[in-house]
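Have a look at the structure below before the remarks.
It should be emphasised that the depicted structure is a prediction, and the values quoted were computed from it without experimental measurement.
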Amino acid sequence: MAVWRRLWCRNLLAVSLLFCILLITMDVHARPANMSASKDKTPTSKDDNEILPQDHLNGVKMEMDGHLNKDFHQEVFLGKDMEEFDEDSEPRRNRKKLIEIFTKVDFNKDRSVSAKEMQRWIMEKTEEHFQEAMEENKNSFRAVDPDGDGHVTWDEYKIKFLASKGFNEKEVADKIKNNEDLKLDEETQEVLESLKDRWFQADNPPPDQLLNEQEFLSFLHPEHSRGMLKYMVKEIVRDLDQDGDKKLTMSEFISLPVGTVENQQAQDIDDDWVRERKKEFEDVIDSDHDGIVTMEELEEYMDPMNEHNALNEAKQMIAVADENQNHNLELDEILKYSEYFTGSKLMDYARNVHEEF
């Protein structure tokens, strides 16, 4: 009897462990991977990543991997002030800062923000992101241009890239110079091939296989170059296009990229993700509403300096908080919907609003 009791306890323990493993597995695959909303947009080590193109580009509506930029509204409303509105910041200080922003957006000082005023503000904030990227690029370019001749070869860049991945810089340089095999793992080799393709796309005609500082900026930030913006769009369409016609249907756009999730059931779980992409496809990207998004439409959608897009975005932002339906934005409305505009929720948003204003 004691033997059976011990066996029963062992079986019970085994079943319990198996159940826990199944729960953990289900939780891992319950939501699509690589969601923009859950991404950490800040590199863990800036020194290691400053010479690498990033998936996320401030002020651009879509990520390089084809996901929607969940922080876009805050980026084009706050510009370089985004970091001031973090989760740990003091609500009263945030309210004061938001009131200051409102007074700047309200260009004609009539205590309300029109779509035109918001459009103007969005363009200014987008330009701030552009200027910030250009400043960062100066440091990045110096890091890959050790001889300071104002041009970088692909081999010079490859050496710096591999060094950032833990390879010995001198050994890599010697092997490249002597045409020796670098013996790279498959994943690193694939990344290098993708970077090389992007590198030569950034090389403006006539191609000389060298990148100057402006071309290197386009390599890291394709939104700064019309040619590289086209390349970025082509890459996104290639990843999402399932029938190879170089266009996107609704079903293709709302489907996750191949390999993002383990199975179809996991993909179906995230209804919110699908709903957001469907709305963006129908209301914004598909400009002629024919049910097909061409590369030209996607390029216009992703161009951060497109004034027509900025006006549409301004109207959408106002509509979210326009409780009195006058197509303008008042101070109490922007304070009430602060989480949408800044990512930070204010407490007692209406307290002393008119006094502080």
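Look at Glu124 and Arg120 and you find a salt bridge, because one of the NZ, NE, NH1 or NH2 atoms lies within 4.0 Å of a carboxylate O, short of that distance. The pair Glu299-Lys230 meets the salt-bridge criterion, with a side-chain N (NZ, NE, NH1 or NH2) lying under 4.0 Å from an Asp/Glu carboxylate O. Under the 4.0 Å criterion applied to side-chain N and carboxylate O atoms, Glu128 and Lys125 are assigned as salt-bridge partners. At a threshold of 4.0 Å, the pair Lys278-Glu282 counts as salt-bridged, since one of the basic side-chain nitrogens sits closer than that to a carboxylate oxygen. Between Arg277 and Glu280 no salt bridge is recorded (no basic side-chain N to carboxylate O distance below 4.0 Å). A salt bridge links Lys138 with Glu213: at least one charged nitrogen is closer than 4.0 Å to a carboxylate oxygen. Ionic pairing of Lys177 and Asp155 is not present here: no N-O contact between side-chain nitrogen and carboxylate oxygen is shorter than 4.0 angstrom. For the pair Lys109 and Asp106, the salt-bridge criterion is not met [side-chain N within less than 4.0 Å of a carboxylate O]. Ion pairing between a basic and an acidic side chain is recognised when a charged N comes within 4.0 Å of a carboxylate O; Lys336 and Asp332 show no such pairing. Ion pairing between Glu169 and Lys160 holds under the 4.0 Å rule for side-chain N and carboxylate O.
Closest non-hydrogen pair, Leu229 versus Met302, comes out as CD1-O, 4.1 Å. Closest approach of Gly150 to Phe141, counting heavy atoms only: O-CZ, 3.5 Å. Between Ser140 and Ile51, the closest heavy-atom pair is O-CG2, 4.1 Å. In this structure, Asn328 and Ser112 approach most closely via the heavy-atom pair ND2-OG, 3.7 Å.
Ring planes of Phe161 and Tyr157: parallel class, angle under 30° (limits at 30 and 60°). Ring geometry for Phe281 versus Phe253: interplanar angle of 30 to 60°, hence tilted. Using a 30° and 60° split on the angle between ring planes, Trp199 and Phe216 fall in the perpendicular class, above 60°.
At least one side-chain heavy atom of Met134 sits less than 4.5 Å from a side-chain heavy atom of His224. Using a 4.5 Å heavy-atom cutoff, the side chains of Glu235 and Met64 are not in contact.
Under 3.5 Å, the side chains of Thr342 and Gln74 contain no donor-acceptor pair of N or O atoms. A donor and an acceptor atom, one from each side chain of Asp185 and Thr188, are located under 3.5 Å apart.
The side chain to side chain donor-acceptor pair (under 3.5 Å) check on Gln316 picks up nothing, with sequence neighbours excluded. Contacts of Phe167 classified as ring-ring contact (aromatic ring centres under 6.0 Å, His included), with partners at least two apart in sequence or in another chain: none.
Around NZ of Lys315, the count of heavy atoms belonging to other residues, nucleotides or ligands within 6.0 Å does not exceed 12. In the displayed structure, Glu186 atom CD is contacted under 6.0 Å by at most 12 heavy atoms of other residues, nucleotides or ligands. Atom CZ of Phe200 sits in a crowded spot, with more than 12 heavy atoms from other residues, nucleotides or ligands closer than 6.0 Å.
No donor-acceptor pair closer than 3.5 Å links the side chain of Glu75 to the backbone N or O of Asn58. Asp81 contributes no side-chain N or O that, together with a main-chain N or O of Glu84, makes up a donor-acceptor pair within less than 3.5 Å. Using a distance-only test at 3.5 Å, with no hydrogens or angles considered, no donor-acceptor pair links the side chain of Asn178 to the main chain of Glu180. Listed for the Glu252 side chain is a donor-acceptor partner under 3.5 Å among the backbone atoms of Thr249. At least one donor-acceptor pair closer than 3.5 Å links the side chain of Ser255 to the backbone N or O of Ser251. Looking only at distances, no side-chain donor or acceptor of Asp55 sits under 3.5 Å from a matching main-chain atom of Glu63.
Atoms CG and CD, on Leu220 and Gln54 in that order, are 8.5 Å from each other to the nearest 0.5 Å. To the nearest 0.5 Å, atom CG of residue Asn94 and atom CD1 of residue Ile99 are 11.0 Å apart.
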Side chain to side chain contact (heavy atoms under 4.5 Å, CB included) evaluation trace for Asp288 with Glu297:
CA-CA 9 Å; Asp288 60 5; Glu297 285 176 316; 3.0 Å; yes
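The side-chain hydrogen bond (donor to acceptor under 3.5 Å, both in side chains) with Glu313 is formed by just one residue from the set His308, Lys61, Gln119; it is Lys61. Screening Val233, Asp239, Leu240 for a side-chain contact (heavy atoms from CB on, under 4.5 Å) involving Ile236 leaves a single residue, Leu240.
His73 and Phe341 have their aromatic ring centers separated by at least 6.0 angstrom.
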